[in-house]
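Working notes for the structure below.
The first residue of the sequence shown is numbered 1, and numbering continues consecutively from there. In listed order, ligands and their atoms are each counted from 1.
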Amino acid sequence: MSKLKVGIIGCGAIGTEIAKACQGRLKDKIGLAGICDIDESKTRALNKALAKNVPVLNLEDIIKNSGLIVEAASAAMSASVLEKCIDAGRDCLMMSVGGLLGREELLQKAKEKSIRVYIPSGAICGIDGLKSASIGKIDSVTLTTRKPPKGLAGAPYLKEKNIDVLSIKEEKTIFEGSAEEAVKGFPQNVNVSAVLSLAGVGAKKTRVKIVTSPAYTANIHEIEIAGEFGRIVTRSENLPSKANPKTSALAIFSAIATLEGIASSVRIGT
Ligand SMILES: NC(=O)c1ccc[n+]([C@@H]2O[C@H](COP(=O)([O-])OP(=O)(O)OC[C@H]3O[C@@H](n4cnc5c(N)ncnc54)[C@H](O)[C@@H]3O)[C@@H](O)[C@H]2O)c1
């Protein structure tokens with residue numbers, strides 16, 4: 001069987017580890033068609049870190065030359081990458097999921113054209129249960145994110161509300177609202193709430209609470225789902241990746257596990 005040719009857009013924390021996995025644990029089933037980044041130093045550093053050099057391609061060529069595109073760049077461009085993949089008839093794995101909220105019609109377009117769009121669970125657990133629960137009636141989906149103040153600093157919502165997050169001394173809830181509002185106020189946390197929204201009841205109905213405390217040492221995501229099936233509660237205590245403290249190690253692993261699933265004939269879990 002010929003190998004799946006993967007092209008990676010974005011050679012940061014996630015793209016780098018995916019590329020290494022393609023030449024490591026996934027090497028029998030996946031080959032790298034190319035890598036792409038707006039920052040030349042990133043593609044250079046990645047090629048240095050890889051066992052075998054990979055072609056550095058621009059956006060158009062990487063889509064043309066790959067069987068599956070991995071987007072691990074930015075929410076500002078993820079919708080346009082998906083659009084280009086659909087037009088070119090390419091499957092894709094999307095990491096900057098926040099950029100797809102408000103552009104859900106693209107997922108419908110992909111369905112109509114039989115393009116496979118893979119959205120890994122990322123830094124949260126419970127997407128499997130949420131998908132199963134969605135077959136019946138769901139009453140509520142709530143995400144509670146707990147992050148140390150440093151992990152939230154600079155968010156537009158904090159600026160707008162004049163909240164100096166770094167001066168907070170004890171545990172404090174700083175935001176409660178819909179995933180749609182969370183996406184705008186905390187773009188760094190959108191991916192988790194965006195994945196949850198797309199898998200469940202949408203960005204308007206998914207509730208998000210953000211809590212901070214200087215005592216926190218991990219990024220903690222708790223999910224509560226209630227519905228016809230009963231109730232699910234999950235909690236992930238995520239350590240940050242070494243390369244990018246904003247990205248959880250589990251999010252990187254989930255992208256690699258998704259790729260492994262795509263290339264495998266055995267599928268475990270919903
Ligand atoms: N789905 C999830 O659970 C999840 C979790 C963490 C991060 N993310 C998202 O995944 C993306 C990558 O995360 P990361 O930690 O690797 O980030 P990173 O900052 O380490 O790397 C991003 C890379 O993309 C490049 N880039 C930015 N804009 C680009 C463009 N227009 N064209 C080509 N390259 C471009 C940057 O130069 C950088 O090298 C981010 O959007 C992040 O928010 C998703």
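Only backbone heavy atoms of A123 (N, CA, C or O) come within less than 4.0 Å of ligand 1; its side chain stays farther off. With a heavy-atom cut-off of 4.0 Å, M95 touches ligand 1 through backbone and side chain alike. Contacts of N191 with ligand 1, taken as heavy-atom pairs under 4.0 Å, involve the side chain alone.
The distance criterion of under 3.5 Å between nitrogen or oxygen atoms is met by T247 with respect to ligand 1. Between A13 and ligand 1, at least one N/O pair is under 3.5 Å apart. Of the polar atoms of S96, at least one N or O is found under 3.5 Å from an N or O of ligand 1, judged by distance alone. Every N/O-N/O distance between E71 and ligand 1 stays at or above 3.5 Å. For ligand 1, the polar-atom distance check finds no N/O of G122 at less than 3.5 Å from any of the ligand's N/O atoms.
If you check which protein heavy atom lies closest to atom 30 (C) of ligand 1, you get M77 CE, 3.5 Å. At the top of the distance list for atom 12 (C) of ligand 1, counting protein heavy atoms only, stands A72 O, 3.3 Å. Atom 18 (P) of ligand 1 has its closest protein heavy atom at N244 ND2, 3.7 Å. The protein atom (non-hydrogen) at minimum distance from atom 13 (O) of ligand 1 is I14 CD1, 3.5 Å. The nearest heavy-atom contact from the protein to atom 22 (C) of ligand 1 is A73 O, 3.6 Å. Annotation: atom 37 (O) of ligand 1 to nearest protein heavy atom, D37 OD1, 2.6 Å.
In summary, the side chains of T145 and H221 do present a donor paired with an acceptor at a separation below 3.5 Å, with no hydrogens or angles considered. Between the side chains of S41 and D39, at least one donor N or O sits under 3.5 Å from an acceptor N or O. Side chains of Y216 and E171: a donor-acceptor N/O pair is present below 3.5 angstrom, by distance only. A donor-acceptor pair shorter than 3.5 Å can be found between the side chains of E71 and S96.
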Give every donor-acceptor pair under 3.5 Å between a side-chain atom in residues 8-24 and any protein atom, sequence neighbours left out.
from, atom 1, to, atom 2, distance (Å)
T16, OG1, C11, O, 3.2
T16, OG1, G12, O, 2.7
Q23, OE1, A51, N, 3.0
Q23, OE1, K52, N, 3.1
Q23, NE2, K52, O, 2.9

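Salt bridge R235/E237: present, at least one basic N to carboxylate O contact under 4.0 Å.
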Applying salt bridge (charged side-chain N to carboxylate O under 4.0 Å, His left out) to R103 and E105, what does each step give before you reach the verdict? CA-CA 5 Å; R103 298 298 312 274; E105 88 281 358; 3.0 Å; yes
Can K64 and E60 be said to form a salt bridge (charged side-chain N to carboxylate O under 4.0 Å, His left out), step by step? CA-CA 6 Å; K64 197 164 74 190; E60 276 65 38; over 6 Å; no
Worked check of salt bridge (charged side-chain N to carboxylate O under 4.0 Å, His left out) between E260 and K29: CA-CA 9 Å; E260 199 159 61; K29 295 194 169 143; over 6 Å; no
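Remark: K5 NZ to I69 CD1 distance equals 10.5 Å, nearest 0.5 Å.
When the heavy-atom distances from atom 21 (O) of ligand 1 to G12, P240, C11 are ranked, the shortest goes to G12.
Heavy-atom distances between I38 and ligand 1 reach below 4.0 Å in at least one pair.
Of all atoms in ligand 1, numbered sequentially from 1 with element shown, those under 4.0 Å from a heavy atom of V97 are 1 (N). Heavy-atom contacts of D39 reach the following atoms of ligand 1: 37 (O) (cutoff under 4.0 Å). Distances below 4.0 Å separate heavy atoms of A251 from the following atoms of ligand 1: 3 (O), 5 (C).
Closest heavy-atom contact between P55 and A33: CG-O, 3.6 Å.
Under a cut-off of 6.0 angstrom, the local environment of CZ in F253 is sparse, with at most 12 non-hydrogen atoms contributed by other residues, nucleotides or ligands.
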